[in-house]
Amino acid sequence: MKRKVLLALCLTALSLSIHAQSLSVYVNDQSQTETNIRNAPKGKVVDRIPQGYTAMLEVENPVNGWWRICDNSYFSIDNNGYEGIVKLKGSNKGYWIHSSVITVDTRNYAGQTLYLYQQPDTKSRKVYTISSEMSLRPLEVKGDWVKCRTYTGNNVGWIQAEWLCGNALTNCN
């Protein structure tokens with residue numbers, strides 16, 4: 001009996017940690033075309049998110065600017081207002097999206113001053129000050145920290161994940 005309980009606890013812990021380094025993001029593709037989904041970093045285009053759709057997804061395991069899409073799906077709202085989960089198709093190796101088309105927003109809605117740090121540590125040097133809400137491009141996840149780039153591309157640093165929102169429709173409050 002003790003072994004079964006221990007096994008159940010281990011499996012539960014494992015399932016909770018599968019996406020421990022994942023990040024909620026939304027698609028913000030400035031190209032004014034469909035957003036490509038690939039079967040590997042720099043791989044073959046196997047699916048597309050239509051232009052104008054609101055698409056929110058969970059990503060993980062970034063590799064050279066490419067993020068793996070968790071659960072092979074995304075939440076979408078199309079041009080007619082239809083909401084639902086869209087299952088990606090065309091790959092048996094997983095699905096990838098480039099960091100240049102995904103976004104997170106800061107959650108400093110009450111006017112808090114946030115910082116991008118040189119390292120994922122509040123004792124690290126501050127490399128950029130965020131004094132109002134802004135959008136960032138996520139580059140990497142390390143524990144409770146996310147490495148981001150500002151839209152101008154001039155500033156890169158780490159911010160605590162609790163200050164980020166990957167929902168295109170709400171402010172995550």
task = State whether a side-chain donor-acceptor pair under 3.5 Å links S73 with D71.
result = no
**Prompt:** Do Q30 and V101 touch side chain to side chain, with heavy atoms closer than 4.5 Å?
**Reply:** no
Q) Is there side-chain contact between K142 and K147, with at least one heavy-atom pair below 4.5 Å? A) no
**Study point:** Modelled atom types, side-chain donor and acceptor of Q51 and T33, under 3.5 Å
**Key:** no
Rounding to 0.5 Å, atoms CG (L169) and CZ (F75) come to a distance of 7.5 Å
Exercise. Is the shortest heavy-atom distance from the side chain of T54 to the side chain of V27 under 4.5 Å?
Worked result: no
Separation between CG (N80) and OH (Y53), nearest 0.5 Å, reads 7.0 Å
T106 side chain vs M134 backbone, donor-acceptor pair below 3.5 Å
yes
Rounded to the nearest 0.5 Å, the CG atom of N155 sits from the CG atom of L136 at a distance of 10.0 Å
Query - Min side-chain heavy-atom separation V156-L116 under 4.5 Å - result: no
In short, L139 meets P62 closest at the heavy-atom pair O-CB, 3.6 Å
Discussion item. Do C165 and Y109 have side chains that approach each other closer than 4.5 Å (heavy atoms only, starting at C-beta)?
Written reply: yes
Spell out, yes or no, whether Y128 and W145 are grouped together once hydrophobic residues are joined by side-chain heavy atoms under 4.5 Å, including indirect joins. no
Taken to the nearest 0.5 Å, the spacing of I69 CD1 from S22 OG works out to 13.0 Å
Value for CG (N72) from OH (Y95), rounded to nearest 0.5 Å, stands at 5.5 Å
Q. Any side-chain heavy-atom pair from E140 and W158 closer than 4.5 angstrom?
A. yes
Same apolar cluster (I L V M F W Y, side chains within < 4.5 Å links), I130/Y115:
no
On a heavy-atom basis, the closest approach of V46 and G90 is CG1-O, 3.4 Å
- Task: Can you establish whether the number of heavy atoms outside D78 located under 6.0 Å from its atom CG is more than 12?
- Result: yes
Practice task
Look at atom CG of N64 and say whether more than 12 heavy atoms of other residues, nucleotides or ligands are closer to it than 6.0 Å.
Solution key: no
* Shared ILVMFWY cluster between W163 and V127, side chains joined below 4.5 angstrom? -> yes
C172 and N167 have their tightest heavy-atom pair at SG-CB, 3.9 Å
When you compare the side chain of T122 with that of Q160, does any pair of heavy atoms fall below 4.5 Å?
yes
* Is the closest side-chain donor-acceptor distance between S131 and T129 under 3.5 Å? -> no
In short, salt bridge (Lys or Arg N to Asp or Glu O under 4.0 Å) pairs touching residues 32-42 with sequence neighbours left out are E34-R48
What one should report as the nearest heavy-atom pair of R137 and S99 is CD-O, 3.3 Å
In terms of heavy-atom contacts, N61 and W96 come closest through O-CZ3, 3.5 Å
Pair S91-N39, side-chain donor/acceptor within less than 3.5 Å: no
- What do the steps show when you test E60 against Q21 for side chain to side chain contact (heavy atoms under 4.5 Å, CB included), and what is the final call? CA-CA 6 Å; E60 65 185 357; Q21 296 287 300; 5.6 Å; no
Are L114 and L164 connected, step by step, through hydrophobic side chains (Ile, Leu, Val, Met, Phe, Trp, Tyr) whose heavy atoms are closer than 4.5 Å? yes
Hphob cluster co-occupancy, I37 + Y26, side-chain heavy atoms under 4.5 angstrom
no
Heavy-atom closest pair (W67 atom, L23 atom, distance to 0.1 Å) is CH2-CD2, 4.3 Å
To the nearest 0.5 Å, atom CD of Q112 lies from atom OG of S132 at 11.5 Å
For this session: Establish, for the pair K126 and Y117, whether the NZ or CZ atom is under 6.0 angstrom from the six-membered ring centre and no further than 45 degrees off its axis.
Result: no
Does I102 reach the side chain of I97, with side-chain heavy atoms less than 4.5 Å apart? yes
Residues pairing under salt bridge (Lys or Arg N to Asp or Glu O under 4.0 Å) where one sits in residues 80-106, two or more places apart or in two chains, turn out to be D47-K89
